[in-house]
Structures are given as C-alpha cells and as structure tokens.
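Heavy-atom basis, side chains included; hydrogens, waters and symmetry copies ignored. Protein chains get the first letters and strands the later ones, always in sequence-line order, with residue 1 at the start of each.
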Protein chains: 2
Amino acid sequence: MSAVRTLEVAEAPAACCTPLAASEMSEEEADNTARVFKALADPHRVRIVNVLATAEGAVCVCDITDEVALSQPTVSFHLKKLVTAGLLDREQRGVWAYYSINREALERLGSIFQLGGART
Amino acid sequence: MSAVRTLEVAEAPAACCTPLAASEMSEEEADNTARVFKALADPHRVRIVNVLATAEGAVCVCDITDEVALSQPTVSFHLKKLVTAGLLDREQRGVWAYYSINREALERLGSIFQLGGART
DNA sequence: GCGTCACATCGATGTTTGTCAATATCTTCC
DNA sequence: GGAAGATATTGACAAACATCGATGTGACGC
C-alpha cells in the first residue's frame with residue numbers, strides 16, 4: 001500500500017497557485033502559475049473544461065472526442081495536459097476512461113485574481 | 001477627435017471572457033478565453049503582473065526591466081502581449097512608458113472560474 | 001491464450017513562441 | 001536640425017507546442 005503512495009511524487013501545479021497580488025512571488029511560484037495557465041492556453045482545452053464543467057458528472061473520453069473536432073490521439077494528449085496540471089481528474093472504469101473537473105483546483109485558480117484593497 | 005476613437009478597433013480578449021461553466025461556449029469564445037490565458041502562460045509575464053499588482057500605481061518600463069531578468073526588447077515584447085490581451089494599460093509620459101494592471105479585466109477573468117451550484 | 005475495443009503513447013511534421021542583438025521610432029533638449 | 005535617451009520593432013534562431021497516423025498497452029469476453 002505505502003509503495004503505491006510513494007509514486008505520487010510531483011504535486012500538480014494547480015494545487016498551489018500564488019495570488020497575482022502576492023507581496024512576494026518567487027520565480028518558482030511564477031513558473032508554477034504559468035504552467036496552469038499554459039494548460040488552459042488552448043481553445044480546445046478550454047472547450048473541454050467547459051464540456052466537463054457543465055456535465056452531470058464524469059464524462060467518458062469517447063463523448064469528449066465527439067464534442068471536440070479533433071482526432072482521438074489529440075484529445076487524449078490534451079486531456080493529459082489538463083490532468084497533469086491538476087485541473088481534471090481521471091478515472092478508469094474498465095475499458096472506459098472518465099474525466100471530470102477538479103472543482104477545488106479551478107476555484108482556487110479563480111481566487112488568485114483577487115487583487116485586494118479597493119483602489120478607487 | 002472622432003478620428004482618433006475609430007482607431008480603437010479590436011476589443012481586447014480580456015474584455016469579454018466566457019465563464020468556464022457557461023451552458024454554451026462557441027469556438028470563438030473558447031479561442032478568446034485561451035488568448036487571455038496564453039498571455040499569462042509565461043512565468044516572466046506572471047512576474048510582471050505581480051510587480052504591477054503590488055505597485056502603488058503605474059510603473060515605468062525601466063523599473064520593470066530591472067525586476068525581471070530579461071533584456072529590454074524581451075520585456076517590451078512581453079508587455080505588449082499583456083497590453084494586447086487587455087490585462088495591462090500603457091501610458092506614455094514623455095520619454096517614459098508606464099504600465100499598470102487593468103483591475104477590472106483581471107477580476108473579470110477571476111470570475112470566469114465560478115462553477116455554480118455547490119456540488120458536494 | 002486470442003481477438004476486439006478503448007485509449008494512451010510515439011514519432012514526424014508544421015506552427016507558434018520566447019530570446020536577444022540590431023535597428024527603428026519617438027520624445028526631449030540644446 | 002542634431003544629439004541623446006527611452007523603448008518599440010525586426011529578424012534570426014532554438015525550443016516548445018498542436019496535430020495526426022501508426023502503434024502500444026490495458027481491459028474484457030470467449
């Protein structure tokens with residue numbers, strides 16, 4: 001059991017995003033933040049997130065591929081980018097692979113845009 | 001005077017971002033959203049936004065260049081990306097160019113991560 | 001074990017992006 | 001107008017990225 005846990009090495013970038021208005025931001029933090037934005041910096045990936053955000057639960061890859069006008073390998077590639085960034089979760093159900101949004105990660109990402117102090 | 005106004009043709013991508021959980025999202029909307037993320041998908045640009053977000057007003061390019069370990073042309077290039085995306089505002093003051101964050105745009109961008117309905 | 005299906009991975013290819021030296025452009029002063 | 005300073009733009013280059021056909025891997029049924 002513990003051998004399995006140790007395989008989860010790198011933390012997903014979206015798990016820790018520094019607020020854009022943080023008083024201090026290291027190069028690592030900026031790099032981490034940019035990684036998450038990079039995962040969303042493709043229109044097809046934005047569309048994929050939208051499809052999952054409006055679904056009633058996890059969605060099968062086969063259905064996502066139908067929604068996005070791309071080949072199966074390309075969709076798989078994009079999904080992996082989003083999972084690696086920590087924005088999506090993947091679940092194998094027999095032959096089928098299901099994907100869903102990671103709500104906490106997306107909402108955490110939204111909160112980094114809080115700029116503080118009303119500056120009128 | 002009106003001749004000057006007509007030069008402002010294209011709307012900045014950050015001016016209109018579709019919520020990630022929107023019930024409908026066209027390819028144009030996904031493309032527009034991806035453009036804004038693309039502007040932030042570079043660690044140096046994230047750092048620049050952070051420098052400006054924590055500053056007490058507009059900041060001169062010369063000071064931004066000191067904060068970021070890049071050459072002057074590269075900083076200028078990055079700043080232009082952020083201005084074009086609508087995330088920063090630029091102001092010429094004689095020989096000096098000053099940049100500041102567009103608070104509304106950044107906060108608007110943060111709001112697109114609202115996913116709606118608490119799904120516990 | 002074999003065959004089938006789902007889908008992840010690989011490799012080739014074309015496109016996009018980030019970097020900097022060089023240069024162009026703009027502002028200001030004499 | 002010419003010179004100096006600030007900074008935007010250009011072009012070359014290397015790295016990264018998006019795409020898809022081909023293929024590899026895993027799950028499942030017989």
Side-chain angles (χ1 to χ4, degrees), chain A residues 4 7 12-13 27-28 30-49 51-52 58-85 87-100, chain B residues 4 7 12-13 27-28 30-49 51-52 58-85 87-100:
Chain A
V4 177
L7 288 180
E27 288 186 19
E28 283 88 5
D31 188 65
N32 191 71
T33 305
R35 282 177 196 277
V36 184
F37 286 130
K38 194 166 295 190
L40 289 168
D42 175 79
H44 293 115
R45 294 210 279 275
V46 172
R47 277 275 291 135
I48 288 171
V49 170
V51 168
L52 298 187
V59 181
C60 170
V61 176
C62 54
D63 294 322
I64 299 172
T65 307
D66 289 340
E67 286 279 339
V68 187
L70 293 174
S71 70
Q72 179 267 319
T74 306
V75 172
S76 198
F77 170 81
H78 282 310
L79 287 170
K80 178 159 188 177
K81 289 285 185 185
L82 291 166
V83 169
T84 301
L87 297 174
L88 298 192
D89 292 321
R90 183 182 182 278
E91 181 185 2
Q92 189 76 24
R93 295 182 189 171
V95 174
W96 314 90
Y98 279 76
Y99 289 81
S100 55
Chain B
V4 176
L7 289 180
E27 289 185 19
E28 281 90 5
D31 188 65
N32 191 71
T33 304
R35 282 178 197 276
V36 184
F37 287 130
K38 196 167 294 190
L40 288 168
D42 175 79
H44 293 115
R45 293 211 278 277
V46 172
R47 276 275 290 139
I48 287 171
V49 170
V51 168
L52 298 187
V59 181
C60 170
V61 176
C62 53
D63 293 322
I64 299 173
T65 307
D66 289 341
E67 287 277 340
V68 187
L70 292 174
S71 69
Q72 177 269 319
T74 306
V75 173
S76 198
F77 169 82
H78 282 310
L79 287 169
K80 178 159 187 177
K81 289 284 186 185
L82 291 165
V83 169
T84 302
L87 297 174
L88 297 192
D89 293 321
R90 183 182 182 280
E91 180 185 2
Q92 189 77 25
R93 298 183 187 171
V95 174
W96 312 90
Y98 278 76
Y99 289 81
S100 54

For residues [X] and [Y], report the shortest heavy-atom separation together with the two atoms involved.
X     : Y     : value
B/C60 : B/Y98 : N-CD2, 3.4 Å
A/W96 : A/C62 : CZ3-SG, 3.9 Å
A/A34 : B/P43 : CB-N, 3.4 Å
A/T65 : A/L70 : CG2-O, 3.8 Å
A/P13 : A/T84 : CD-O, 3.4 Å

Within the structure shown, what part of the strands sits under 4.0 Å from A/R93 by heavy-atom distance: base, sugar-phosphate, or nothing? nothing
Can you tell me which residue pairs pass the side chain to side chain donor-acceptor pair (under 3.5 Å) test with a partner in residues 33-48 of chain A, sequence neighbours excluded? A/D31-A/R35, A/R45-A/H78
Atom pair distance, as rounded to whole Å: CG in A/D42 and C1' in C/dT17: 14 Å
Starting at CG of A/L88 and ending at P of C/dA8, how long is that distance when rounded to a whole Å? 12 Å
Give me, pair by pair, the N or O atoms of the protein and of nucleotides 11-16 of chain C that are less than 3.5 Å apart, along with how far apart they are.
none

Report all interatomic pairs (protein N or O, nucleotide N or O of nucleotides 6-9 of chain D) with separations under 3.5 Å.
| from | atom 1 | to | atom 2 | distance (Å) |
| --- | --- | --- | --- | --- |
| D/dA6 | O3' | B/V95 | O | 3.4 |
| D/dT7 | OP1 | B/A97 | N | 3.2 |
| D/dA8 | OP1 | B/R90 | NE | 3.3 |
| D/dA8 | OP1 | B/R90 | NH2 | 3.1 |
| D/dA8 | OP1 | B/Y99 | OH | 3.1 |
| D/dA8 | OP2 | B/S76 | OG | 2.3 |
| D/dA8 | O5' | B/S76 | OG | 3.3 |
| D/dA8 | N7 | B/Q72 | NE2 | 2.8 |
| D/dA8 | N6 | B/Q72 | OE1 | 3.1 |
| D/dT9 | OP1 | B/K80 | NZ | 3.3 |
| D/dT9 | OP2 | B/K80 | NZ | 3.2 |

Judged by atom type as modelled, is there a donor-acceptor pair below 3.5 Å linking the side chain of A/Q92 to the main-chain atoms of A/G94? yes
Knowing that exactly one of B/V51, B/V59, B/I64, B/D63 qualifies, which makes a side-chain contact (heavy atoms from CB on, under 4.5 Å) with B/Y99? B/I64
